[in-house]
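Note sheet for the following structure.
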Amino acid sequence: MTSPPVLLVIAHGSRDPRHAATVHALVRRVRAVRPDVRVETGFLDFNVPSVQGVLESLETEGVRDVVALPLLLTRAFHAKADIPAVLADAPPRLRIRQAEVLGPSPLLLSALERRLYEAGLTPADKSSTGVVLASAGSSDPEAIAVIAEIAREWRHTGWCAVRPAFASASLPRTEDAVRELRELGCARVAVAPYVLAPGHLPDRIARGAERADVLADVLGPSPEVARVLLERYDEARTPALAAAVGA
């Protein structure tokens, strides 16, 4: 029986040790859900192992099929340029398919709500609570448009209001969105970080949430994120849905 392709989770990397720890916790959850799939982790920067190092090791072992999955919520520069460039330098005997980024997905909205409820809200609070959907930010207009659309969709699930905010590159900032929701008349304001792991930009989001009533945790190794990750893997391993990199 043919083994399924190796799943290579590609994370950005960070000098903040919480980042790698969170990535590894998510990968452990994925392995627990799908023990039949070999899951490896590679980092673009700051942490080891590097993506290139993992690919070279897999090729040496005799692995031939790999699904490379960007651990990203939006399709911006890293997904469009950095990761394809790294994969283009992979050992030629590897057949690599690049999966889509994780977002948008209804499961990620479920994960955001899970984090808000863990932070103290209840479903009964939705109609009186304004939410700031706080993302890292990007200079890519496609990524910014996706965040704005997620905020619009999330508003229709019963929240008093939902506003997007960005920690870098774009406006508004988290503190500006918190203030706007206060002025709108929401009884309470919650900040939901639309980020996967702790680090410099999530810390900036937290500082911007000082005047909010509730600050949720990052998405991290939530079961919903693990499910989305495996959905993207399954989509990419189907030849009809994804072309091999360099083919």
Side-chain angles (χ1 to χ4, degrees), residues 1-12 23-44 49-112 138 140 142-143 145-147 149-150 153 194 196-197 219-247:
M1 182 177 178
T2 304
S3 298
V6 171
L7 169 55
L8 172 58
V9 175
I10 301 179
H12 182 273
V23 171
H24 291 312
L26 174 60
V27 168
R28 287 194 296 271
R29 183 179 287 274
V30 171
R31 288 175 177 146
V33 174
R34 289 282 292 275
D36 60 310
V37 176
R38 178 177 175 181
V39 187
E40 299 292 341
T41 309
F43 296 90
L44 291 174
S50 68
V51 175
Q52 189 67 25
V54 174
L55 291 172
E56 290 173 356
S57 295
L58 291 173
E59 191 270 343
T60 299
E61 290 181 35
V63 171
R64 289 296 173 262
D65 291 302
V66 177
V67 169
L69 191 146
L71 196 59
L72 301 167
L73 294 172
T74 58
R75 181 172 161 75
F77 182 79
H78 293 305
K80 294 178 179 179
D82 282 353
I83 292 175
V86 171
L87 297 181
D89 288 334
R93 284 187 287 183
L94 289 176
R95 294 184 293 268
I96 304 175
R97 297 184 181 95
Q98 181 176 331
E100 289 295 331
V101 298
L102 301 183
S105 167
L107 284 170
L108 294 177
L109 286 181
S110 296
L112 287 166
S138 173
D140 188 314
E142 178 187 347
V146 167
I147 298 299
E149 180 59 28
I150 292 171
E153 290 182 3
Y194 189 59
L196 288 166
L219 295 174
S222 65
E224 295 87 354
V225 174
R227 285 175 58 193
V228 176
L229 198 152
L230 287 167
E231 282 184 0
R232 298 293 181 256
Y233 167 77
D234 287 332
E235 291 164 0
R237 66 184 288 198
T238 303
L241 297 179
V245 172

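Please read these numbers as outputs of a predicted model, since none were measured by experiment.
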Query - Shortest non-hydrogen separation from A143 to A76 and the atoms involved - result: CB-CB, 4.0 Å

Query raised in the report: Is the closest side-chain heavy-atom distance between R28 and P221 below 4.5 Å?
Result: no

Query raised in the report: Which pair of non-hydrogen atoms, one from R75 and one from E100, has the smallest distance, and what is that distance?
Result: CD-OE1, 4.4 Å

Report summary line: dist R95:CZ -> D65:CG (nearest 0.5 Å) comes out at 4.0 Å

Query raised in the report: Thinking salt bridges, do R232 and E235 make one under a 4.0 Å N-O criterion?
Result: yes

Query raised in the report: Rounded to the nearest 0.5 Å, what separation is found between the OG1 atom of T60 and the CZ atom of R93?
Result: 8.0 Å

Report task. Any chance you could lay out the side chain to side chain contact (heavy atoms under 4.5 Å, CB included) test for V9 and V30, step after step, and finish with the verdict? Result -> CA-CA 10 Å; V9 175; V30 171; over 6 Å; no

Requested in this report: Look up atom CG in L72 and atom CD1 in I83, then write down how far apart they are to the nearest 0.5 Å.
Outcome: 5.0 Å

Report task. Please name the pair of heavy atoms, one in A90 and one in I96, separated by the smallest distance, quoted to 0.1 Å. Result -> CB-CD1, 3.4 Å

**Report entry** Derivation of the side chain to side chain contact (heavy atoms under 4.5 Å, CB included) call for L108 and I150
**Finding:** CA-CA 10 Å; L108 294 177; I150 292 171; over 6 Å; no

Report task. Side-chain contact test, heavy atoms from C-beta onward, threshold under 4.5 Å: evaluate it for L196 versus L102 and give yes or no. Result -> yes

Query raised in the report: Would L7 and L229 count as a side chain to side chain contact (heavy atoms under 4.5 Å, CB included) if you check the C-alpha gap in whole Å, the side-chain angles of each, and the deciding distance to 0.1 Å?
Result: CA-CA 10 Å; L7 169 55; L229 198 152; 3.5 Å; yes

Query raised in the report: Would R38 and L58 count as a side chain to side chain contact (heavy atoms under 4.5 Å, CB included) if you check the C-alpha gap in whole Å, the side-chain angles of each, and the deciding distance to 0.1 Å?
Result: CA-CA 11 Å; R38 178 177 175 181; L58 291 173; 3.5 Å; yes

Query - Rounded distance [0.5 Å steps], CZ in R29 versus CG in L230 - result: 11.5 Å

Query raised in the report: Quick one: does Y194's side chain have a donor or acceptor within less than 3.5 Å of a partner on L112's backbone?
Result: no

Report task. Determine yes or no for a side-chain-to-main-chain donor-acceptor pair under 3.5 angstrom, with S105 supplying the side chain and L107 the backbone. Result -> yes

Query raised in the report: Crowded around R227 CZ? As in, over 12 foreign heavy atoms under 6.0 Å?
Result: no

Report task. Provide the closest heavy-atom pair for P5 versus V67 in the form atom of the first, atom of the second, distance. Result -> CB-CG2, 4.0 Å

Requested in this report: Find out whether Y233 and V39 are in side-chain contact, i.e. whether some heavy atom of one side chain is under 4.5 Å from a heavy atom of the other.
Outcome: no

Query raised in the report: Are P91 and Q52 close enough that some pair of their side-chain heavy atoms sits under 4.5 Å apart?
Result: yes

Query raised in the report: How far apart are the closest heavy atoms of S222 and L26, and which atoms are they?
Result: O-CD1, 4.4 Å

Report task. Could you check if a side-chain atom of V86 sits within less than 4.5 angstrom of a side-chain atom of I10, using non-hydrogen atoms only? Result -> no

Requested in this report: Please examine the side chains of V54 and T41, heavy atoms only from C-beta on, and report whether any two atoms are closer than 4.5 Å.
Outcome: no

Query raised in the report: How far does CG of L94 sit from CD of E56, to the nearest 0.5 angstrom?
Result: 9.5 Å

Report task. Find out whether T74 and D140 are in side-chain contact, i.e. whether some heavy atom of one side chain is under 4.5 Å from a heavy atom of the other. Result -> no

**Report entry** D234 side chain reached by R237 side chain, heavy atoms, under 4.5 Å
**Finding:** yes

